[in-house]
Amino acid sequence: MAGPSPISTGRTSAFDQGGPGFSQKHLLGIADLSPYEILDLLDRAEKMIPVSRQERKVLPTLSGKTQINLFFEPSTRTQGSFEIAGKRLGAQVMNMSVRTSSVTKGETLIDTATTLNAMRPDVIVVRHAAAGAVQLLSQKVGCAVINAGDGAHEHPTQALLDALTIRRHKGTLTGLTVAICGDIANSRVARSNLLLLGALQVRTRVIAPRTLLPAGIEHMATEVFTDMREGLAGADVVMMLRLQHERAAGKMIPSVREYYRFYGLDADKLAFAKPDAIVMHPGPMNRGVEIDPAIADGQRSVITEQVEMGVAVRMAVLDALLPDRNEAAA
Amino acid sequence: MRPLIIDNARIVDPASGMDAVGALHVEDGRITHVGASGPAAPQGADRLDARGLMLAPGLIDMRVFTGEPGHEYRETLASASKAAAAGGVTSFVLMPDTLPVIDDGALVDFLIRRAAATASVNVLPAAAISKGLRGEEITEFGLLKEAGAVCFADGRHSIQSSALLRSAFAYAANFDMPVIHHAADRSLVGEGVMNEGHFASVLGLRGIPAAAETIPLARDLELAELTGVRYHAAQISVARSVELVAAAKRANPAISCGVSINSISLNENDVGAYRTFFKLNPPLRAESDRRAMIEGLRTGVIDVIHSDHDPQDSEVKRQPFAEASDGAIGLETLLAAALRLVHSGDVELSTLLRAMTVRPAEILGLPSGRLAVGAPADFILVDLDYPWQVTERDFHSRSRNSSFEGARLAGKVMATYVAGRKVFEHT
């Protein structure tokens, strides 16, 4: 048998390259996925984009299926994105914002999972403030579970939509340099992106003050910079992270204005990246904290496109996790 | 009770250095002979042929939590003592973290009476150092000692105020009582839930740095020297702490130091995919730290291995890792888990047993922990090579949160005797 073939990260189907496509029961994290599965999801998402752009935005794929969005942390955009994705595939979508309501009454996560499971959903989309919570819940239910963000652990659909956005702009992921800037230590978006880009052999850099870098970052197969200009030099993609400034100010960083001075993305710093570099942000943005409003709304920003790709990626994930069993039986 | 003769046993007594086949005689709950078989046997004695099993002093476990009073569904003195007997533990120090906190003489008295009525092994209450474990005011050391407390400890809590600790140490020295203290800097622990490092970062969990232990430990050691207290570092977990204790011991022989069976047998990788039975305090550290614990035991820097038995129910353990309670049960697996270090060639059998018998006895001033004429007949019979697998359903403890669930171990307690009376037999 020939040695492992280099994984092409261009717009070809993963199946064409001989790798197995998506075959997971849940989507808990990028860490569980093979490069082929990642590419398969990106290819599926690519096919979903036209659905959202046509007049009748609906496919029958998930018709008759029930999707529960279980959000223990409030998130307007991610919850909305999953809701639209489910509805465009024909699923019945129910939103449950737990907001600690029953949790404070003493109901554990496991109790919640058991209760919801008894309602026989086909998929549960979960966001929780604690790392590992989604995996724990997945062990207690019979249906598919999608991680919509668990603590500082993973946010897999965000990394997928970021990769899709980059691939559509650059034509390929191969050979690119992606710089991720900001609160790396507390960011699930950074974790999932480093894992996904690493799996596809894309060069990554992280840029942050030492107080916002996680312990052991030197073992994470990424280049570490504490100076933004050095870190951005020659980058094809600049990915900004949201700073939880209410939490960080005075402890991890002295002040917002100092943070903006050294780590906020402005025209001066962006000039160090490649002239055609794109600017990304997972949202919601703190304009004037981590990013200059002129850059956020400027020519090189692909931030609103990320939102559109988010719907496509989530449709693709739902589609991949819930194959139409009736069709298969026929 | 009739006298008892146990013959044909491999007698291992770290206190005397004995490791030879012989006999042990017991009358009125005390040892009357230990050594060569044959001398004048007491009249009408029961005889037991040990068939070469190891006969060692019963273990003294210096760190055990129960739920009595307050959380009896987790553990009672009765269930903990059954677990202890099954694990070869004939005495354990009971931490004061109960509801209410054991910070009053009347509560110590209650525990002693309750243990006498319900427990089959010796229960040695530790009284709180600070009222309500709040770290603000010291308790009535003199009255607590009179009531029967064997030492002072703030259990899971660590006193942050150096001034209060100084006062506690000085006052305990006044009553010649040992103080057991868990060193943890609250601000450095912060929201940390596991060892700080690459693995915690991969899991997205907040880390606890080694300095959260070494900084308060260094302070404790300085204050111990200043006050002359019999200070026992409850449990260290990082390599640097071994160095600190070693240096302090050179100047101050009144210092001693413990390690939990978890910190010397497991490491951070055991957390795996957010396994909450491995969420412990101190957290499981790196493999290099675990190796340093073994080295510390070998060189005598670490005096004591304890189980850190901490029963927690599934309600507080079946939670996301960061939200789950700390702690694991360990009484029943203490000896077998520790024997891994002997089977692996890391530690001599007598060194290991010393850390669970005579050293705790010396630190606490107990007559047990040794096989000497006149000592209490607290001893165990052990098959050192008996293979078994830790299974949840076999536990005597009321809780199931074992960090050794499923582990394959070699070495099992075949019988446990307290004051000459059999309290456990393997069947």
Side-chain angles (χ1 to χ4, degrees), chain A residues 28-32 72-73 100 103 106-114 126-140 147 149-156 184-192 194-195 198 206 212-222 224 247 251-252, chain B residues 71 73 185-213 238 267-279 283-289 312-326 400-401 405:
Chain A
L28 301 177
I30 297 295
D32 304 326
F72 292 89
E73 265 187 344
T100 70
V103 172
E107 185 173 81
T108 63
L109 179 66
I110 305 276
D111 292 336
T112 309
T114 314
V126 190
R127 168 165 291 189
H128 198 285
V134 181
Q135 189 206 41
L136 178 67
L137 186 138
S138 74
Q139 294 163 3
K140 310 293 172 188
N147 183 357
D150 63 326
H153 178 223
E154 281 234 44
H155 191 357
I184 311 291
N186 298 301
S187 174
R188 53 193 171 215
V189 175
R191 295 271 191 308
S192 288
L194 288 174
L195 288 167
V206 294
L212 296 179
L213 284 170
I217 183 73
E218 65 278 10
H219 302 298
M220 285 192 187
T222 184
V224 181
R247 197 186 151 94
K251 301 186 193 83
M252 312 313 271
Chain B
H71 296 99
Y73 58 92
D185 182 298
R186 198 179 295 157
S187 65
L188 280 173
V189 170
E191 293 171 31
V193 292
M194 75 172 286
N195 185 41
E196 181 173 280
H198 177 233
F199 193 43
S201 295
V202 166
L203 291 173
L205 296 172
R206 285 181 203 277
I208 301 174
E213 172 175 301
V238 296
N267 69 29
E268 59 184 342
N269 297 313
D270 287 299
V271 169
Y274 306 100
R275 296 157 76 193
T276 59
F277 287 6
F278 297 86
K279 181 165 187 261
L284 293 175
R285 300 288 190 178
E287 175 62 9
S288 55
D289 293 309
Q312 301 288 338
D313 58 284
S314 61
E315 184 84 4
V316 294
K317 274 294 187 184
R318 285 169 66 201
Q319 294 278 359
F321 195 85
E323 295 169 11
S325 295
D326 296 333
R400 296 284 175 265
N401 53 312
E405 165 67 20

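Residue numbering restarts at 1 for every chain, and letters A, B, ... go by the order of the sequence lines. Note: hydrogens, waters and symmetry copies are ignored here, and every other heavy atom, side chains too, is used.
- Between B/Leu203 atom CG and B/His198 atom NE2 the span is 9.5 Å, to the nearest 0.5 Å.
- Summarising the geometry, atom CD1 belonging to A/Ile184 is positioned 8.0 Å from atom OG1 belonging to A/Thr222; distances are rounded to the nearest 0.5 Å.
- The pair B/Glu405-B/Lys317 does not count as a salt bridge, with every side-chain nitrogen at least 4.0 angstrom from each carboxylate oxygen.
- Ranked by heavy-atom pairs under 4.5 Å with chain B, the list A/Gly132, A/Ser187, A/Pro214 is led by A/Gly132.
- Ranking A/Ala130, A/Ala215, A/Gly216 against chain B, the residue ahead of the rest is A/Ala215, based on heavy-atom pairs under 4.5 Å.
- Within the model, atoms CZ of B/Phe278 and CG of B/Asp326 stand 14.0 Å from one another, a figure rounded to the nearest 0.5 Å.
- Interface summary for chain B: among A/Asp150, A/Leu137, A/Asn186, A/Leu195, the most heavy-atom pairs under 4.5 angstrom belong to A/Asn186.
- Listed options A/Lys140, A/Arg188, A/Glu218 were ranked by heavy-atom pairs under 4.5 angstrom with chain B; first place goes to A/Lys140.
- Using cut-offs of 30° and 60° for the angle between ring planes, the B/Tyr274 and A/His153 rings count as perpendicular.
- Ranked by non-hydrogen atom pairs under 4.5 Å with chain A, the options B/Pro320, B/Ala322, B/Ala273 are led by B/Pro320.
- Only the side chain of A/Arg191 has a heavy atom closer than 4.5 Å to any heavy atom of chain B.
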